[in-house]
Undergrad: 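Got a structure here, written out as structure tokens. Questions coming.
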Amino acid sequence: MIEEINIITKEVDAFNSKSSEEIENFRIAYLGKKGRITQLFTHFKLVPSSEKKEFGRQLNILKSLTSEKIVKLKEELKEQLKSTKSKTDYTIPGQPFDVGSRHPISIIRDQIIEIFSNIGFNISEGPEIEDDWHNFTALNFPEEHPARDMQDTFFINKDIALRTHTSSVQVRVMENNQPPIRTISPGRVYRNEAISARAHCFFHQVEGLYIDKDVSFADMKQTLLYFTKAMFGSETKIRLRPSYFPFTEPSAEVDVSCTICKGKGCNVCKYSGWLEIMGCGMVDPNVLENCKIDPNKFGGYAFGMGIERIAQLKYEVNDLRLYSENDVRFLKQFTPES
Ligand code: PHE
């Protein structure tokens, strides 16, 4: 009998498997109801009483050895399954990366910046949350004057609002620098308008300011002509129509010859041949004075345009909302001109 225990011990020791089915069969063969070790227990009574103690001891050792072996093999199997799962499969085909693209507003903004940088304008930036002084009062909007209603303002409190134009940045530049000043201020502006294809509660502007000695209206007109030719092509013409802004006198609206029909008349320009693209004018002496610049010594011009408007004309996109919806199908159609 002891002999049988020794044989089984050797078999158990030698057994090895990485298959759960084989391990289970092994368990049944040795520890199952009719298993060889279980059988040995039923033979216990046949063992001579002098050997019973030793036989019992060895049989118990064999039983626990076998159970431990089964537990160990099962553990090993589990570990192996885990590690094969996490192994990288280098045969799986790669997933292509989607290459991003630039937003059309950024593309046009950078083009405008480049055109003005080429003739010596620098770039200035300022806060989107502005005080009344920089957005209105310094710019010669009289208090309680209806001119403040021209730009439907989002007020945060009586004195603080979301800027309605980047002219506020130009006030800051004039307060901190003496002429000559040549600067453009690109940035986001906010107006309390119902969102539609033609209006939005925020949009982007580039405004320009030139202050020096002996600056004339003709200087402004030539600069704007240079800009429109660089932006829309050398054939482009401009015309200036009288207008009103509190901070410029005289003031004008700038039209470009229709970029679609080249002035012949089409439904984009409503058969007029012209498209409005910006406001401009000679800086009002009151504004210079408010910003501590002597209007008797210095003068200059200012202009301001909406980037969405320029993008609309360049790309023939007629719905303003598309620019802020972030639909990838729309956005990926634009590439910067090189
Ligand atoms: N600030 C004006 C606007 O937002 C544009 C403008 C700038 C007009 C400079 C004239 C001179 O509408």
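When a residue number appears, it is its place in the shown sequence, counting from 1. Ligands are counted one by one from 1 in listed order, and the atoms in each one are counted from 1 as well.
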Undergrad: Considering both backbone and side-chain atoms of T164, is one of its nitrogen or oxygen atoms within less than 3.5 Å of a nitrogen or oxygen in ligand 1?
TA: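 Between T164 and ligand 1, no N or O pair is found under 3.5 Å apart.
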Undergrad: If we only consider heavy atoms of Q205, is any one of them less than 4.0 Å away from an atom in ligand 1?
TA: yes
Undergrad: Under 4.0 Å between a Lys/Arg side-chain N and an Asp/Glu carboxylate O for E175 and R172?
TA: no
Undergrad: Using a 3.5 Å cut-off on N or O atoms only, is R191 in polar contact with ligand 1?
TA: yes
Undergrad: So F227 and F116, would you call those rings parallel, tilted or perpendicular, with 30° and 60° as cut-offs?
TA: parallel
Undergrad: Any carboxylate oxygen within less than 4.0 angstrom of a Lys/Arg side-chain nitrogen, looking at K229 and E235?
TA: no
Undergrad: By number and element, which atoms of ligand 1 are closer than 4.0 Å to a non-hydrogen atom of F245?
TA: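 Going through ligand 1 atom by atom, the ones under 4.0 Å from F245 are 8 (C), 10 (C).
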Undergrad: Show which atoms of ligand 1 fall inside a sub-4.0 Å distance from at least one heavy-atom site of S167.
TA: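 Atoms satisfying the 4.0 Å criterion: 1 (N).
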Undergrad: What atoms in ligand 1 come closer than 4.0 Å to a heavy atom of F303?
TA: 7 (C), 9 (C), 11 (C)
Undergrad: Would you say the ring centers of Y190 and H165 fall short of 6.0 Å from each other?
TA: no
Undergrad: What part of E207, side chain from CB on, backbone N/CA/C/O, both or neither, has a heavy atom under 4.0 Å from ligand 1?
TA: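 Side chain only.
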Undergrad: Between R102 and D110, is there a salt bridge with N-O shorter than 4.0 Å?
TA: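 A salt bridge is present here (some side-chain N lies under 4.0 Å from a carboxylate O).
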Undergrad: Run the salt-bridge test on R239 and E276 with the 4.0 Å N-O cut-off and return the result as yes or no.
TA: no
Undergrad: Determine whether any heavy atom of F247 lies closer than 4.0 Å to an atom of ligand 1.
TA: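 Yes, F247 has heavy atoms under 4.0 Å from ligand 1.
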Undergrad: With heavy atoms of G279 as the reference, note each atom of ligand 1 found under 4.0 Å away.
TA: 8 (C), 10 (C)
Undergrad: For the residue pair Y210 and Y301, is the inter-centroid distance of their aromatic rings smaller than 6.0 Å?
TA: yes
Undergrad: Heavy-atom contact under 4.0 Å between S251 and ligand 1?
TA: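 For ligand 1, residue contact (heavy atoms, under 4.0 Å) with S251 is absent.
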